[in-house]
Amino acid sequence: MNPLLKLSHVSFSYHEAEGETPALSDISFDLEPGKFLAVVGPSGCGKSTLLSLICGLLTPEEGTISLFGLPFQEARAHIGYMLQKDHLFEWRTVYSNVVLGLEIQKKMTPDRLQKVDAMLDTYGLSDFRNARPSQLSGGMRQRAALIRTLALEPDLLLLDEPFSALDYQTRLSVCDDIYEIIKREDKTAILVTHDLSEAISVADQILVLSRRPGRIQREVPIHFEMEKRTPMRARSAPEFQEYFNLIWKELNTNG
Ligand SMILES: Nc1ncnc2c1ncn2[C@@H]1O[C@H](COP(=O)(O)OP(=O)(O)OP(=O)(O)O)[C@@H](O)[C@H]1O
Ligand SMILES: [Mg+2]
C-alpha cells in the first residue's frame, strides 16, 4: 500500500539570538492509511516539533515530507491538529465551538453540519449542544474537541498529548472513546504521548525517539491477536507486557 505520509531524512533546528537548538535529526518513516502511529521519547526530544513539521507550522531544514505525494501547501488542508489543551471557547456554546473550524473555513454546508449532528449524537453530546464548555466533564470536552477537528474531515489527525489533563480513570475511558471514534471514522492518526502504556494500547506502530536532537532510535510494529481491539482490552493482552518491556528498555538506554 502507498503511504499516506512519508518523511525522508527530516532535520530541524530552532534558531534564536542565543544560538541554535537542534531539535530533530534525520527522521524517516512511512505511515499507511488507517494506521495509528504513536511517538514516545524523553521530554524535549522534539515530539511536538515533529507534529508541527508534519502540519506545516514549521518547515524542515533538511529532508522532505509528503502527504498523498502532494506538495505541502495543498496537503495541509487534509490535516487536523488536536492539542493538549482543548481550546474550547467559554463564550460559545458546545455546538458553536464544534462548528468553529467549519465557520472559519467557510465550509458550513448542510452535509457537513449533518455529519456534526450525527457525531454529537453518537458520542453523547447532543443534550449538551447549548451548554457552555465549563458545564462538560473533562472527557466530554475532549470528545467535543475531537468532533471539532473531525468536522473538517481531515485525513490525518495529529494528537499531541490530548489526554494529559485528565485524571487516570477518565483518561483510560476517553482514550477508548477516541480510539473508537478514530477507527470508526477510518482516520490515520499520530499520537504523541509520555505514557508508554497508552502508546502500546492504541498504536499499530511506535516510534521511539532518542534524546534531543530526536533521532529514530527504534520503530516497533504493534500487533494484538484479538478480534475487536480496544485500548482497554489490549492492556490485558499477553503481548502487552512484552511490548512494554521492550520499549521501556529502549527508552532507558536512550542515547
Ligand atoms: N519555539 C521554540 N524556540 C526555540 N526552541 C524551541 C522552541 N520550541 C521547542 N524548542 C526546543 O526544541 C526542543 C524540542 O522541543 P519539543 O517541544 O518538540 O519537545 P517535546 O518532545 O514535545 O517535549 P515534551 O515531551 O516536553 O512536550 C526542546 O529542547 C525545546 O526547548
Ligand atoms: Mg511536546
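Count residues from 1 along the sequence.
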(request) Give a yes or no on this: more than 12 heavy atoms of other residues, nucleotides or ligands lie within 6.0 Å of atom CD of Q114. (result) no
(message) Please determine whether the number of non-hydrogen atoms from other residues, nucleotides or ligands lying under 6.0 Å from atom CD of E90 exceeds 12.
(response) yes
(request) Find the distance between CG (L37) and CG (L207) and round it off to the nearest 0.5 Å. (result) 4.5 Å
(message) Would you say NZ of K35 has more than 12 non-hydrogen atoms from neighbouring residues, nucleotides or ligands within 6.0 angstrom?
(response) no
(message) Please check: side-chain N/O of K47 versus main-chain N/O of V39, any donor-acceptor pairing under 3.5 Å?
(response) no
(request) Using only heavy-atom distances, determine whether the side chains of T109 and D111 contain a donor-acceptor pair under 3.5 Å. (result) yes
(request) Enter the distance from L125:CG to M119:CE here, rounded to the nearest 0.5 Å. (result) 10.5 Å
(message) Looking at every heavy atom in both W248 and N252, which two are closest together, and how far apart are they?
(response) O-ND2, 2.8 Å
(request) Using the side chain to side chain contact (heavy atoms under 4.5 Å, CB included) rule, take L50 and L7 through it: C-alpha gap first, then chi angles, then the decisive distance, then the call. (result) CA-CA 10 Å; L50 179 65; L7 273 76; 3.8 Å; yes
(message) Is there a side-chain contact between I182 and V202 in this structure, where contact means two heavy atoms from C-beta onward sitting under 4.5 Å apart?
(response) no
(request) Quick one: closest heavy-atom pair of A151 and V98, and the distance? (result) CB-O, 4.1 Å
(request) Answer whether the closest heavy-atom distance between the side chains of Y81 and D160 falls below 4.5 Å. (result) yes
(request) Give me the other members of the hydrophobic cluster that W91 sits in, counting Ile, Leu, Val, Met, Phe, Trp and Tyr linked by side-chain heavy atoms under 4.5 Å, directly or via other members. (result) F89, L100, I104
(request) Decide yes or no for V94 and M140: does some side-chain heavy atom of the first lie under 4.5 Å from some side-chain heavy atom of the second? (result) no
(request) Verify side chain to side chain contact (heavy atoms under 4.5 Å, CB included) between R143 and L136, making sure each step is shown before the conclusion. (result) CA-CA 10 Å; R143 290 203 295 274; L136 303 183; over 6 Å; no
(request) Looking only at non-hydrogen atoms, find the nearest pair between A203 and A38 and report the distance. (result) CB-CB, 3.7 Å
(message) Using a 3.5 Å distance criterion without hydrogens, assess whether the side chain of S11 forms a donor-acceptor pair with backbone atoms of D26.
(response) yes
(request) Decide yes or no for V220 and E250: does some side-chain heavy atom of the first lie under 4.5 Å from some side-chain heavy atom of the second? (result) no
(message) Is there a side-chain contact between E185 and K115 in this structure, where contact means two heavy atoms from C-beta onward sitting under 4.5 Å apart?
(response) yes
(message) Hydrophobic clusters here meaning ILVMFWY residues chained together by side-chain heavy-atom distances under 4.5 Å, can you tell me if L152 and I181 are in one?
(response) yes
(request) Report the residue from L120, T93, D121, V116 that forms a side chain to side chain contact (heavy atoms under 4.5 Å, CB included) with R129. (result) L120
(message) I'd like to know if the side chain of K187 reaches the main chain of P154, judged simply by a donor and an acceptor atom lying under 3.5 Å from each other, with no hydrogens or angles considered.
(response) yes
(request) For S210 and P213, work out which heavy atoms get closest and say how close. (result) OG-O, 3.6 Å
(message) As an exercise, state the distance from CG of L102 to CD of Q105, rounded to the nearest 0.5 Å.
(response) 7.5 Å
(request) Group every Ile, Leu, Val, Met, Phe, Trp and Tyr by side-chain heavy-atom contacts under 4.5 Å, then state whether L88 and V174 land in the same group. (result) no
(message) Check the orientation of F240 and F224. Use parallel for under 30°, tilted for 30 to 60°, and perpendicular for over 60°.
(response) parallel
(request) Give the minimum heavy-atom separation between P22 and S13, together with the two atoms involved. (result) CA-OG, 3.4 Å
(request) Could you tell me whether E198 and R171 have a side-chain N and a carboxylate O separated by less than 4.0 Å? (result) yes
(request) Using a cut-off of 6.0 Å, state whether more than 12 heavy atoms not belonging to D167 lie near its atom CG. (result) yes
(message) Test side chain to side chain contact (heavy atoms under 4.5 Å, CB included) on I190 and L5; report intermediate values, then the result.
(response) CA-CA 11 Å; I190 302 181; L5 175 72; 3.7 Å; yes
(request) Answer with yes or no whether the hydrophobic clustering places M232 together with Y179; edges join I, L, V, M, F, W, Y residues whose side-chain heavy atoms lie under 4.5 Å apart. (result) no
(message) Strictly distance-based, threshold 3.5 Å: is any side-chain N or O of Q142 a donor or acceptor partner for the main-chain N or O of G139?
(response) no
(message) Could you check whether any side-chain heavy atom of P221 comes within less than 4.5 Å of a side-chain heavy atom of H223, counting everything from C-beta outward?
(response) no
(request) For the residue pair H9 and E62, confirm or rule out a side-chain donor-acceptor distance under 3.5 Å. (result) no
(request) To the nearest 0.5 Å, tell me how far S52 OG sits from L58 CG. (result) 5.0 Å
(message) For a quick check under 3.5 Å, do T49 and Y14 share a side-chain donor-acceptor pair by atom type?
(response) yes
(request) Could you check if a side-chain atom of S137 sits within less than 4.5 angstrom of a side-chain atom of T170, using non-hydrogen atoms only? (result) no
(message) Quick check: do L113 and M108 have side-chain heavy atoms less than 4.5 Å from each other?
(response) yes
(request) Might you work through the side chain to side chain contact (heavy atoms under 4.5 Å, CB included) test for R92 and N97, ending with a clear yes or no? (result) CA-CA 6 Å; R92 288 184 151 233; N97 265 288; 3.5 Å; yes
(request) Calculate, to the nearest 0.5 Å, the distance between atoms CD1 and CD belonging to I247 and Q217 respectively. (result) 11.0 Å
(message) Taking side chain to side chain contact (heavy atoms under 4.5 Å, CB included) as the criterion, tell me which of I222, T188, L159 meets it with F36.
(response) L159
(message) Please report the interatomic distance CD1(I178) to CG(L150), rounded to the nearest 0.5 Å.
(response) 9.0 Å
(request) Identify the heavy atoms of V192 and P162 that sit nearest to each other, and give their distance. (result) O-CD, 4.2 Å
(message) Check for me, please, whether Y123 and L172 land in the same ILVMFWY cluster - side-chain distances under 4.5 Å, paths through other members count.
(response) no
(request) Just grab all the side chain to side chain donor-acceptor pair (under 3.5 Å) pairs involving residues 229-239, residues at least two apart or on different chains. (result) none
